[in-house]
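What follows is one structure encoded as structure tokens, with my remarks underneath.
Nothing here was measured: the structure is a model prediction, and the numbers come from that model.
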Amino acid sequence: MPNSFHETAANAVQARARIRHHIYETPLIPARKTGQASNTKVLFKAENFQLTGSFKLRGALSKVSAQATSGGRLITASSGNHGIGAAFASQALSKDLTVVLPETVMPAKLEKIGSFGVEVILHGAETGLAEQHAQQLAASGAYTYISPYNDADIVAGQGTIGLEILEQCEHVDNVFISMGGGGLISGIGSVIKAFSPRTKIYGVAALNSKALAASLAVGRVVETDHLPTLAEAVAGGIDEDTITLPLAGSVVDHVVECDEAEIVVALKTLAFDENMIVEGSAALALAGFQKVARELTGQTSVILLCGANVDQGVVRRTIYGV
């Protein structure tokens, strides 16, 4: 049986003890301009400043340090950020690792993963296909598979962000979190609901790739089209045996869906109003907030900026039009 959110929150406390000396406790930064028009207090949880440029380091370190993967070569799949985190963790904890990436991975992420000395395999046009290939290779018995999100230790590691948020801010009304495979929102949401049940969790999905949002709507795993999206780090499907769907279903209060134009506006807002360059998947969380901001007058909202491993060419074209 999948863990309850209370069990996941307890696991996050344990994970934090294992990983805290390997990560950066990221700041909770007051917005410079965002929220002013709607009289809403906005804080950014800046995982874009994490050591590997993304929250994924937390889950990877949690899994690799949990002893369940001791012995043998590890294999995982990623659109980039989990691969970077897992590569960092494998080097820090002296583990052998293979990372399967989609052929569309951003060059900067590919270069970063390779810099940790891990084996890299390119396979498939999107992350879901890369995950399937990694699972097939693991089924041969030559590897131990690490899911980017569908793993209790991974989810617990991401949940350590929630512990920090609650320590850094005495009163949080809402937390906005981008949704991909569900590990991030399940982990943070579990911690928030366990220790601050009145806080609302907003899951934000990209319309072009919204498998988790569609699955939450019907209470079971469904497949959706996966079109190109600026929020490429949250693109792809979810496993049939996912632990994140029931967890997310128990902690997510509202789902907001955003199109590509809304993500672009959020990227520009973060660049020009907040002086931060982030990934499209981080801007997605802000785009979700912007859609409902006027409903949150007088409240305190935390927006999770999940990463900043950007493709410079994409940033220039999207933000500056060059």
Is any side-chain heavy atom of [X] less than 4.5 Å from a side-chain heavy atom of [Y]?
X	Y	value
Val155	Asn3	no
Ser38	Leu296	no
Glu164	Leu28	no
Ile161	Arg58	yes
Tyr24	Leu57	no
Glu279	Lys109	yes
Leu97	Phe116	no
Asn11	Gln14	yes

Taking [X] for its side chain and [Y] for its backbone only, find out whether a donor-acceptor pair lies under 3.5 Å.
X	Y	answer
Thr76	Ile146	yes
Lys291	Glu257	yes
Glu262	Asp259	yes
Asp239	Thr242	no
Glu111	Ala108	no
Glu274	Arg32	yes
Ser62	Asp153	yes

Do [X] and [Y] land in one hydrophobic cluster if side-chain heavy atoms of ILVMFWY residues count as linked below 4.5 Å?
X	Y	result
Phe49	Leu267	yes
Val252	Val222	no
Val278	Val265	no
Val221	Leu129	no
Leu163	Ile201	yes

### Derivation and outcome, side-chain contact (heavy atoms from CB on, under 4.5 Å), residues Ser147 and Ile154
CA-CA 8 Å; Ser147 171; Ile154 294 284; 5.7 Å; no
### Message
Checking side-chain polar atoms at under 3.5 Å, does Asn150 have a donor or acceptor matched by the opposite partner on Glu131?
### Response
no
For the residue pair [X] and [Y], what are the closest heavy atoms and their distance?
X	Y	result
His226	Ala211	CE1-CB, 4.1 Å
Leu247	Ser190	CD2-OG, 3.6 Å
Ala130	Val100	O-CG1, 3.5 Å
Glu47	Cys306	CB-O, 3.9 Å
Ser78	Asn81	OG-N, 3.6 Å
Gly237	Tyr149	O-OH, 3.3 Å

### Query
Just wondering, are more than 12 heavy atoms of other shown residues or ligands nearer than 6.0 Å to CD in Gln312?
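Open: at most 12 neighbouring heavy atoms sit under 6.0 Å from CD of Gln312.
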### Task
Kindly check if the number of other-residue, nucleotide or ligand heavy atoms within 6.0 Å of CG (Asp225) is above 12?
no
### Query
Hey, mind stepping through Thr26 and Gln50 against side-chain hydrogen bond (donor to acceptor under 3.5 Å, both in side chains) and telling me if it holds?
CA-CA 6 Å; Thr26 53; Gln50 189 51 260; 4.9 Å; no
Side-chain atoms of residues 171-189: list all donor-acceptor pairs with protein atoms under 3.5 Å, sequence neighbours left out, distances to 0.1 Å.
from: His171; atom 1: ND1; to: Arg198; atom 2: NH2; distance (Å): 3.2
from: His171; atom 1: NE2; to: Asp173; atom 2: OD1; distance (Å): 2.8
from: His171; atom 1: NE2; to: Asp173; atom 2: OD2; distance (Å): 3.3
from: Asp173; atom 1: OD2; to: Thr300; atom 2: N; distance (Å): 2.8
from: Asn174; atom 1: ND2; to: Gln299; atom 2: OE1; distance (Å): 2.8
from: Asn174; atom 1: ND2; to: Ser301; atom 2: OG; distance (Å): 3.1
from: Ser178; atom 1: OG; to: Ser281; atom 2: O; distance (Å): 2.6
from: Ser178; atom 1: OG; to: Ala285; atom 2: N; distance (Å): 3.2
from: Ser186; atom 1: OG; to: Gly182; atom 2: O; distance (Å): 2.7
from: Ser186; atom 1: OG; to: Thr244; atom 2: O; distance (Å): 3.2

Out of curiosity, [X] [atom1] to [Y] [atom2], how far, rounded to the nearest 0.5 Å?
X	Y	atom1	atom2	result
Lys45	Phe55	NZ	CZ	13.5 Å
Leu207	Thr224	CG	OG1	10.5 Å
Leu286	Leu305	CG	CG	7.5 Å
Gln132	His123	CD	NE2	8.0 Å
Asp96	Ile75	CG	CD1	12.5 Å
Leu245	Arg220	CG	CZ	10.5 Å

### Task
Before giving the answer on side-chain contact (heavy atoms from CB on, under 4.5 Å), spell out for Gln158 and Lys56 the whole-Å C-alpha distance, their side-chain angles and the decisive distance to 0.1 Å.
CA-CA 7 Å; Gln158 321 307 22; Lys56 291 283 191 175; 4.2 Å; yes
### side-chain contact (heavy atoms from CB on, under 4.5 Å) between Thr269 and Gln290, worked out
CA-CA 10 Å; Thr269 296; Gln290 289 174 324; 3.4 Å; yes
### Task
Please state whether the rings of Phe272 and Tyr320 are parallel, tilted or perpendicular, taking 30° and 60° as the class boundaries.
perpendicular
### Message
With a 4.0 Å cut-off on N to O distance, would you call Lys200 and Glu295 a salt bridge?
### Response
no
### Message
Go through it in stages, so that I can follow the logic: the residues are Val314 and Arg317, the test is side-chain contact (heavy atoms from CB on, under 4.5 Å), and I'd like the CA-CA distance, side-chain angles, deciding distance and then a yes or no.
### Response
CA-CA 5 Å; Val314 171; Arg317 289 192 298 273; 3.5 Å; yes
